[in-house]
Amino acid sequence: MIIATYNINGIKARLNALTNWLEMRKPDVAILQEIKSVDENFPREHFEDMGYQVETHGQKSFNGVAILSKLPLEDIRRGLPGDDSDEQARWIEATVMGEKAVRICGLYLPNGNPVPGPKYDYKLAWMERMEARARQLLEFEEPFLMAGDYNIIPQAEDAKHPENWTEDALYRPESRAAWRRLLNLGFTDALRARNAAPETYSFWDFQRGAWNRNDGIRIDHFLLSSDCADLLEDCQIDSEIRGYEKPSDHVPVWVKLAA
DNA sequence: ATGGTGGGGAACCCA
């Protein structure tokens with residue numbers, strides 16, 4: 001099966017671009033971030049007509065995550081555990097019932113800028129909660145993955161100009177250390193496991209012609225549990241659609257699993 | 001050093 005992650009930066013503005021990409025890539029599962037829509041306003045029927053089950057966890061104006069799936073979904077769970085006062089819609093889980101069942105987590109990790117400040121504190125606290133949830137899921141037998149916009153540049157090679165990001169929440173030592181703590185639980189960064197192409201990015205700013213200069217960063221990731229990594233056949237980034245009409249500032253990343 | 005571009009939604013907030 002093909003599972004993709006795609007920060008669409010607003011479902012209303014991206015309906016055509018998303019639809020065209022779904023018809024091109026034909027993913028079994030599309031994990032979406034920044035739908036920027038409440039559940040009632042998400043164009044559910046449009047995607048159901050394309051054969052997808054639609055599960056959203058939305059919010060007015062900001063954030064919001066969703067899962068579109070051609071395979072049955074079970075045990076859907078909305079929200080990251082660990083803080084009942086957190087009202088930001090950034091986490092959704094489901095089990096995809098393919099040949100093998102795979103637990104998937106869709107996430108929109110906080111940006112965290114400016115540093116220092118309350119937004120950065122929220123980012124780091126959110127990553128601690130995410131690590132706690134990952135530890136819980138690792139206790140189950142079934143393979144699982146966490147995919148989405150991590151807002152983390154893991155290493156220097158994940159940016160065209162890492163020197164421009166040294167004070168940014170996406171590249172600060174604390175953010176990258178939290179990412180490494182996740183990896184050290186036994187997760188595989190799918191892109192690095194299956195794709196050695198240099199200058200491989202998933203986000204290009206709308207400003208200053210970043211796309212035309214390939215001035216990008218890699219911040220959209222798949223982390224696979226060891227059981228899930230055993231199923232990994234491919235991982236690619238559909239970067240070309242960044243140059244299409246009315247694009248998001250992110251592009252889709254996808255994995256092919258033997259599941 | 002600044003401002004440059006988008007989306008949401010109706011004045012700014014967020015990225």
Side-chain angles (χ1 to χ4, degrees), chain A residues 5-21 30-44 46-47 56-66 80 86-91 106-127 130 147-154 158-172 174-176 178-179 201-221 237 239-253:
Chain A
T5 179
Y6 187 7
N7 181 324
I8 58 175
N9 191 14
I11 185 57
K12 197 165 70 178
R14 216 65 60 215
L15 192 58
N16 285 336
L18 174 58
T19 300
N20 292 340
W21 170 75
I31 300 168
L32 307 178
Q33 302 87 39
E34 283 206 272
I35 63 173
K36 295 186 174 180
S37 162
V38 294
D39 296 337
E40 309 85 81
N41 291 345
F42 192 87
R44 157 184 306 278
H46 171 81
F47 297 106
T56 58
H57 180 40
Q59 174 183 344
K60 182 180 166 66
S61 306
F62 306 120
N63 309 320
V65 290
L80 180 64
D86 186 0
E87 296 180 347
Q88 300 192 31
R90 297 178 174 276
W91 183 269
L107 65 109
Y108 176 46
L109 208 149
N111 174 293
N113 282 304
V115 180
K119 291 184 178 179
Y120 193 50
D121 296 340
Y122 175 69
K123 176 181 195 148
L124 297 177
W126 201 95
M127 293 188 77
M130 179 176 169
D149 177 357
Y150 280 68
N151 271 313
I152 298 279
I153 303 167
D158 296 309
K160 178 78 162 191
H161 294 292
E163 69 277 12
N164 292 347
W165 296 92
T166 53
E167 301 308 314
D168 195 286
L170 279 60
Y171 195 58
R172 291 295 302 163
E174 299 86 355
S175 304
R176 295 163 65 196
W179 160 267
Y201 310 125
S202 67
F203 169 94
W204 297 260
D205 200 294
F206 286 123
Q207 304 177 63
R208 295 176 295 248
W211 166 248
N212 290 325
R213 296 182 288 112
N214 195 27
D215 182 4
I217 52 178
R218 188 174 75 98
I219 57 175
D220 299 271
H221 308 298
I237 303 184
S239 51
E240 70 278 3
I241 75 167
R242 183 62 177 79
Y244 291 4
E245 192 176 355
K246 219 168 172 345
S248 171
D249 39 7
H250 297 250
V251 295
V253 182

What's the gap between [N] and [M] when it is taken at their [atom1] atoms, as a whole Å value?
N      : M      : atom1 : value
B:dG3  : B:dA15 : C1'   : 15 Å
B:dA10 : B:dG6  : P     : 22 Å
B:dC13 : B:dG9  : P     : 15 Å
B:dG8  : B:dT2  : P     : 30 Å

Over how many whole Å does the gap from [X] atom [atom1] to [N] atom [atom2] extend?
X        : N      : atom1 : atom2 : result
A:Asn41  : B:dG7  : CG    : P     : 18 Å
A:Trp165 : B:dA15 : CH2   : P     : 13 Å
A:Gln88  : B:dC14 : CD    : C1'   : 11 Å
A:Asp205 : B:dC14 : CG    : P     : 17 Å
A:Glu34  : B:dA15 : CD    : P     : 7 Å

Counting only side-chain heavy atoms from C-beta out, which of [options] sits nearest to [X]?
X        : options             : answer
A:Ser61  : B:dG9, B:dT5, B:dG7 : B:dG9
A:Lys12  : B:dG7, B:dT5, B:dG9 : B:dG9
A:Gln207 : B:dT5, B:dG7, B:dG9 : B:dT5

Mind checking if A:Tyr108 touches a base, just sugar-phosphate, or nothing, with heavy atoms under 4.0 Å?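 Sugar-phosphate, no base atom in range.
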Just checking, is any N or O donor in the side chain of [X] or [Y] under 3.5 Å from an acceptor N or O on the other one?
X        : Y        : value
A:Lys36  : A:Asn9   : yes
A:Trp211 : A:Asp249 : no
A:Tyr171 : A:Asp158 : no

Compare side-chain N and O positions of A:Lys119 against OP1 and OP2 of B:dC14 and report whether any pair is under 4.0 Å apart. yes
Quick one: is B:dG7 close enough that its OP1 or OP2 comes under 4.0 Å of any side-chain N or O from A:Lys246?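 True: A:Lys246 side-chain N/O within range (under 4.0 Å) of B:dG7 OP1/OP2.
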Once you measure the plane-to-plane angle for A:Tyr6 and A:Trp21, does it fall in the parallel (<30°), tilted (30-60°) or perpendicular (>60°) bin? perpendicular
Test A:Leu109 against every option in A:His221, A:Gln33, A:Lys123 by the side chain to side chain contact (heavy atoms under 4.5 Å, CB included) rule and name the one that passes. A:Lys123
